[in-house]
Amino acid sequence: MEKKPLDSLISKNGLWVSRKGYLHEIKSCEASLKSLRITMSCGEVIMVRNSRSSRAARSLRNHKFHKPCKRCCIPEEKIREFSAQVSREEATVVVRNVSSSRFNSYTSAIPYMEVPVGIPARQQACAIETPAPVSSVITAPKQARPSVAQAFVPDTRVKEQKVKKSTDHSFLKPAKAQFSQSQKNRILSLLGPGEMISFSKEKRSFAELESTLVAERKKDIREMYESSRENLLGKLERMITGFFVDMGFLEVKSPILIPFEYMERMGVGEDEKLSEQIFLFGDNMCLRPMLAPGLYNHLRKFDNVLPDPVRIFEIGPCYRKESDGNSHLEEFTMLNFCQMGSNCTRENLEYLIKELLQFLGIEFQIVADSCMVYGDTIDVMYKNMELSSAVVGPVPMDMDWGINKPWIGAGFGLERLLKAKHGFKNIKRAARSESYYNGVSINL
Ligand code: ATP
Ligand code: 9VF
Ligand code: MG
């Protein structure tokens, strides 16, 4: 069944479920080509894409929310009606728990991922690697056509069988290969980046298919060894570094192992769920889940050293406990650039984001969002995936870091940039990994 887009879900209920799970009443909604500008009864205004499969669309379709927004003053009756509606999607089974919250979004206020009951095993495999834009599709090899002479030879075998068992027509269908779930997973991992396969149409046996794909992947890796020999993640870091150095930003490398107190000062310590995502180390240290604390310290120290505006950036590993599929890693690489002092406008921030993504050849959309650390954010999206959260400061927290000037900044995940650029179905292909090299399986 085709899913309804956000605008029709909204006009049905007149309600909105925020990232944090608050149920809002919609006062007005303006639609442009692809996006919606929604004003809530409480005064909050948001811009969203008119998507069918976004988090918001899912929440509205499933009638799931955490609690009603008090300031919206939604009539009890309306809330009861919304809660009582049961959608088709509600007839689902929970297959996986997703971590409860994220640093910079409220997405996980709806902490589950669902697969409809009775979903065919073939589609369930997509939960491991969901289909991405298809750059090439593997299809079953074409059957050799019968010669003219063969075509006119009566097929007595078929007739005989028909007489014997008139109700069983299965022999008329072409032979299909059957794959177990682990075989499917193995085949999916061996596909080239961006390739897809239809298991239901596949006629080759597992062994045949596996050995074909293994040979192709060995060829891919050998070609990389012959040609560029550069690691995609390393190369992207070098490209982005060159870009920001040329734009007048100073390259910074701050510690990865940081005091947990920094996280408390970033406001994360107070939020139990967010602090659960942090890898603690010893009594009072942790692996950094974001670059901001180090950058705050550098901004403060450079403020009376460098000319106005101060422009710095860092690219490096970050760590978060995650359990959420195709776009989350526990070990990932963040770029955070920021400027402090003059010209810290939203226009300038969007200009820098646009220049960077044009330089990298990645299309994007900008949407409004909010997060618990910074409040309002400007999120940069590639389809349904967040590439970056960006902020126009100042924010109240600046005082705790000794900062008292306007700033702008944005944090990008490098593996997400690679996933978007190369059409990887799973971010694991772009990660620091012992299973993939440049998106190609190395379990050969
Ligand atoms: P999401 O809501 O998608 O989990 P987030 O809003 O929590 O992301 P931010 O704190 O805004 O993430 O971090 C800045 C950027 O870092 C994100 O836009 C994303 O590109 C990247 N990022 C964050 N968490 C992860 C992760 N677990 N794996 C890979 N990249 C990540
Ligand atoms: C926006 C990304 C507070 C002046 C040192 C820089 C930003 C991007 C946030 C991610 C993170 N913030 N959640 O701040 O650029 O790393 O905090 Si600063
Ligand atoms: Mg974010």
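Each ligand, and each atom within it, is numbered from 1 in the order the structure gives.
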*Asks:* Which of the atoms of ligand 2 are close to S389, meaning less than 4.0 Å from one of its heavy atoms?
*Replies:* 1 (C), 8 (C)
*Asks:* Is the closest N or O pair between V391 and ligand 2 shorter than 3.5 Å?
*Replies:* no
*Asks:* Could you check whether atom NZ of K78 has more than 12 heavy atoms from other residues, nucleotides or ligands sitting under 6.0 Å from it?
*Replies:* yes
*Asks:* Just heavy atoms, cut-off under 4.0 Å: does H328 contact ligand 1 by side chain, backbone, both, or neither?
*Replies:* both
*Asks:* Counting heavy atoms only, which part of R416 comes closer than 4.0 Å to ligand 1: side chain, backbone, both or neither?
*Replies:* side chain
*Asks:* Does only the side chain of C318 get under 4.0 Å from ligand 2, or the backbone, or both, or neither? Count heavy atoms.
*Replies:* neither
*Asks:* Go through ligand 2 atom by atom and flag the ones less than 4.0 Å from a non-hydrogen atom of A292.
*Replies:* 5 (C), 16 (O), 17 (O)
*Asks:* Under 4.0 Å from a heavy atom of L299: which atoms of ligand 2 are those, numbered in the order shown and with their elements?
*Replies:* 4 (C)
*Asks:* Considering distance alone, does some N or O of Y374 sit under 3.5 Å from an N or O of ligand 2?
*Replies:* yes
*Asks:* Does R416 reach the main-chain N or O of S327 with its side chain, forming a donor-acceptor pair under 3.5 Å?
*Replies:* yes
*Asks:* Please indicate whether any nitrogen or oxygen in L387 is less than 3.5 Å from any nitrogen or oxygen in ligand 1.
*Replies:* yes
*Asks:* Against heavy atoms of S388, which atoms of ligand 1 measure under 4.0 Å?
*Replies:* 18 (O)
*Asks:* Which is it for D220 and R217 under the salt bridge (charged side-chain N to carboxylate O under 4.0 Å, His left out) test, yes or no, and what are the steps along the way?
*Replies:* CA-CA 5 Å; D220 291 346; R217 298 299 75 87; 2.8 Å; yes
*Asks:* State whether the shortest distance between N or O atoms of I427 and N or O atoms of ligand 1 falls below 3.5 angstrom.
*Replies:* no
*Asks:* Looking at M334, which atoms of ligand 2 are within less than 4.0 Å of one of its heavy atoms?
*Replies:* 10 (C), 16 (O)
*Asks:* Would you say ligand 2 has an N or O under 3.5 Å from any N or O of L291?
*Replies:* yes
*Asks:* Does E230 have any side chain to side chain donor-acceptor pair (under 3.5 Å) partners at least two apart in sequence or in another chain, and if so, which?
*Replies:* R238
*Asks:* Which atom pair, heavy atoms only, marks the closest approach of K405 to D398?
*Replies:* O-OD2, 4.5 Å
*Asks:* Within the structure, does N336 bring an N/O atom to less than 3.5 angstrom of an N/O atom in ligand 2?
*Replies:* yes
*Asks:* Does the H422 side chain pair with the main chain of L418, one donor and one acceptor, at a distance under 3.5 Å?
*Replies:* no
*Asks:* I need the atoms of ligand 2 closer than 4.0 Å to a non-hydrogen atom of M290, numbered in the order shown.
*Replies:* 11 (C), 16 (O), 17 (O)
*Asks:* Write down the atom of Y382, the atom of E363, and the distance for their closest heavy-atom approach.
*Replies:* CD1-O, 3.2 Å
*Asks:* Show the nearest heavy-atom pair for residues P309 and S342, with the distance to one decimal.
*Replies:* CB-O, 3.6 Å
*Asks:* Do K428 and Y436 form a cation-pi contact, if we require the NZ or CZ to be under 6.0 Å from the six-membered ring centre and within 45 degrees of the ring's axis?
*Replies:* no
*Asks:* Is there a heavy atom of G393 sitting under 4.0 angstrom from any atom of ligand 2?
*Replies:* no
*Asks:* For a quick test of reading the model, state the closest non-hydrogen atom pair linking P193 to N438 and the distance between them.
*Replies:* CG-O, 4.5 Å
*Asks:* Using residues 252-265 as the side-chain source, report each donor-acceptor pair under 3.5 Å to any protein atom, sequence neighbours left out, with the distance given to one decimal.
*Replies:*
{"residue": "K253", "atom": "NZ", "partner": "E237", "partner atom": "OE2", "Å": "2.8"}
{"residue": "K253", "atom": "NZ", "partner": "I315", "partner atom": "O", "Å": "2.8"}
{"residue": "S254", "atom": "OG", "partner": "R288", "partner atom": "NH1", "Å": "3.3"}
{"residue": "S254", "atom": "OG", "partner": "E314", "partner atom": "OE1", "Å": "2.6"}
{"residue": "S254", "atom": "OG", "partner": "E314", "partner atom": "OE2", "Å": "3.2"}
{"residue": "E261", "atom": "OE1", "partner": "R265", "partner atom": "NH2", "Å": "3.2"}
{"residue": "E261", "atom": "OE2", "partner": "R265", "partner atom": "NE", "Å": "2.9"}
{"residue": "Y262", "atom": "OH", "partner": "N297", "partner atom": "ND2", "Å": "3.2"}
{"residue": "R265", "atom": "NH1", "partner": "D400", "partner atom": "O", "Å": "3.2"}

*Asks:* What's the shortest heavy-atom distance between S441 and I221, and which atoms?
*Replies:* O-CD1, 4.3 Å
*Asks:* Which atoms from ligand 1 have a heavy atom of S389 less than 4.0 Å away?
*Replies:* 11 (O), 18 (O)
*Asks:* Suppose I only count heavy atoms of L295 and a 4.0 Å limit; which atoms of ligand 2 are within that range?
*Replies:* 5 (C)
*Asks:* Rounded to 10 degrees, what angle sits at the Mg ion (ligand 3) between E386 OE2 and S389 OG?
*Replies:* 90°
*Asks:* Under 4.0 Å, heavy-atom basis, I'd like to know which part of W407 is in contact with ligand 2: side chain, backbone, both or neither.
*Replies:* side chain
*Asks:* Answer side chain, backbone, both or neither: which part of E330 comes under 4.0 Å from ligand 1, heavy atoms only.
*Replies:* neither
*Asks:* Run the salt bridge (charged side-chain N to carboxylate O under 4.0 Å, His left out) test on E350 and R346 for me, step by step, so that the C-alpha distance in whole Å, both residues' side-chain angles and the decisive distance to 0.1 Å come before the verdict.
*Replies:* CA-CA 6 Å; E350 288 195 16; R346 180 174 174 144; 2.7 Å; yes
*Asks:* Of E322, R320, Q277, which has the heavy atom at the shortest distance from atom 12 (O) of ligand 1?
*Replies:* R320
*Asks:* Give me the atom names and distance for the closest heavy-atom approach of G361 to K421.
*Replies:* O-NZ, 3.9 Å
*Asks:* Within the structure, does F412 bring an N/O atom to less than 3.5 angstrom of an N/O atom in ligand 1?
*Replies:* no
*Asks:* Check each atom of ligand 1 against the heavy atoms of L329 and keep those under 4.0 Å away; list them by number with element.
*Replies:* 26 (C), 27 (N), 28 (N), 29 (C)
